[in-house]
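Counting starts at 1 for both ligands and their atoms, in listed order. Just so it is clear, the values below take in all heavy atoms, side chains as well, and ignore hydrogens, waters and symmetry mates. These numbers were taken from a predicted model, which means no experiment stands behind them.
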Amino acid sequence: MTLSRDLVGEVANALSANGLILRGGFGFGDDEMAPAASSGVPAKSVLLVGQAGAAPWPHFQRWLGQPGRPVANPLDTWSREVIGAVARSCGARAVSPSDRPYLPFQQWAMRAEGLKPSPLGVLMHPQYGLWHAYRGALLFEDEISPPEAHEAIHLCDTCVDKPCLKSCPVDAYSGQGFAHEACLDHVRGPRGEPCRTGGCLDRNACPYGTDYRYPPEVQAFHMAAFARL
Ligand code: SF4
Ligand code: SF4
């Protein structure tokens, strides 16, 4: 059985109520080790769920303002709640990038939308730049008619100056990979205020997708979670 484009459209509509969007999808090949669908059989297809810019932020903030919300990992909890409800409504199994063992979300995302990593590791989107994210995925035991994937232009290939590699005060991104400890020390230290309040200077230096750039309070929230401030 193939799930109709109508169902895919209904899923997209349900997600939009919380500022989330479908980020493409694909069918697993017969020779792949696909994760389980809701009934336990290997999934035949997956739809990726995420965001462009900070669209979910007001929805998340309203949810967070209600009594009894968790202090730890609230965005993860909210994403699981919202995407889990959509999954139940369409017979899918919801999974999260924070599930253990980790699922290959980045590979799925590259496959679903034809994206490639930027020098910062974040996937570069031709419209959203570095200002997008994946919040979950829906696994189906049937094939789907996913939104058509187009070969995406990889803007980093045409970016000569690469300002995203020149703005960090401790040169945390280099050909040797990401200097996690150096970044953390700086963010937590006396000179880390710009990163703490406005987000990663390297990420903000990218000239693309600036209409989708997260507002400072959103970047500060993510930085606090990353650096456990
Ligand atoms: S600054 Fe250039 S190389 Fe860096 S992420 Fe943006 S487009 Fe890619
Ligand atoms: S958060 Fe700050 S210290 Fe860390 S990589 Fe970005 S600019 Fe550098």
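- Residue Ala205 does not touch ligand 1, judged by heavy-atom distances below 4.0 Å.
- Within 6.0 Å of CG on Asp30 lie no more than 12 heavy atoms contributed by other residues, nucleotides or ligands.
- The aromatic rings of Tyr214 and His222 sit tilted relative to each other, their planes meeting at an angle between 30° and 60°.
- In this structure, the protein non-hydrogen atom closest to atom 2 (Fe) of ligand 1 is Cys159 SG, 2.3 Å.
- Note that CG of Leu139 and CG of Leu47 are 9.0 Å apart. Values are rounded to the nearest 0.5 Å.
- Heavy-atom neighbours of Lys166 NZ from other residues, nucleotides or ligands within 6.0 Å: above the threshold of 12.
- Listed by atom number, the atoms of ligand 1 under 4.0 Å from Tyr208 heavy atoms are 7 (S).
- The protein atom (non-hydrogen) at minimum distance from atom 1 (S) of ligand 2 is Met223 CE, 3.6 Å.
- Within ligand 1, the atoms closer than 4.0 Å to a non-hydrogen atom of Ser118 are 5 (S), numbered from 1 in the order shown.
- The number of protein N, O or S atoms lying under 2.8 Å from atom 6 (Fe) of ligand 2 is 1.
- For residues 65-82, every residue pair satisfying the salt bridge (charged side-chain N to carboxylate O under 4.0 Å, His left out) rule, not counting sequence neighbours, is listed here: Asp76-Arg80, Arg80-Asp99.
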Please evaluate residues Asp211 and Gln127 with respect to the criterion side chain to side chain donor-acceptor pair (under 3.5 Å), reporting the C-alpha separation (whole Å), side-chain torsions for both, the decisive distance (0.1 Å), and the verdict.
CA-CA 9 Å; Asp211 286 350; Gln127 183 178 357; over 6 Å; no
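- For ligand 1, the atoms closer than 4.0 angstrom to any heavy atom of Met124 are 5 (S), 6 (Fe), 7 (S), 8 (Fe).
- Within ligand 1, the atoms closer than 4.0 Å to a non-hydrogen atom of Lys162 are 3 (S), numbered from 1 in the order shown.
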Step by step, would you call Tyr212 with Gln51 a side chain to side chain donor-acceptor pair (under 3.5 Å)?
CA-CA 10 Å; Tyr212 295 87; Gln51 66 187 74; over 6 Å; no
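- Protein heavy atom in closest approach to atom 8 (Fe) of ligand 1: Cys156 SG, 2.4 Å.
- Note: His180 and Phe226 meet the aromatic proximity criterion, with ring centroids under 6.0 Å apart.
- Close contacts between ligand 1 and Cys206 involve ligand atoms 1 (S), 5 (S), 6 (Fe), 7 (S) [criterion: under 4.0 Å to a heavy atom].
- Gln107 CD: more than 12 foreign heavy atoms inside a 6.0 Å radius.
- Between His125 and Tyr128, the angle of the ring planes stays under 30°, which puts this pair in the parallel group of the 30/60° scheme.
- Using cut-offs of 30° and 60° on the angle between ring planes, the pair Phe178 and Tyr173 is parallel.
- At a cut-off of 2.8 Å, Cys164 is counted among the residues with an N, O or S atom near atom 4 (Fe) of ligand 1.
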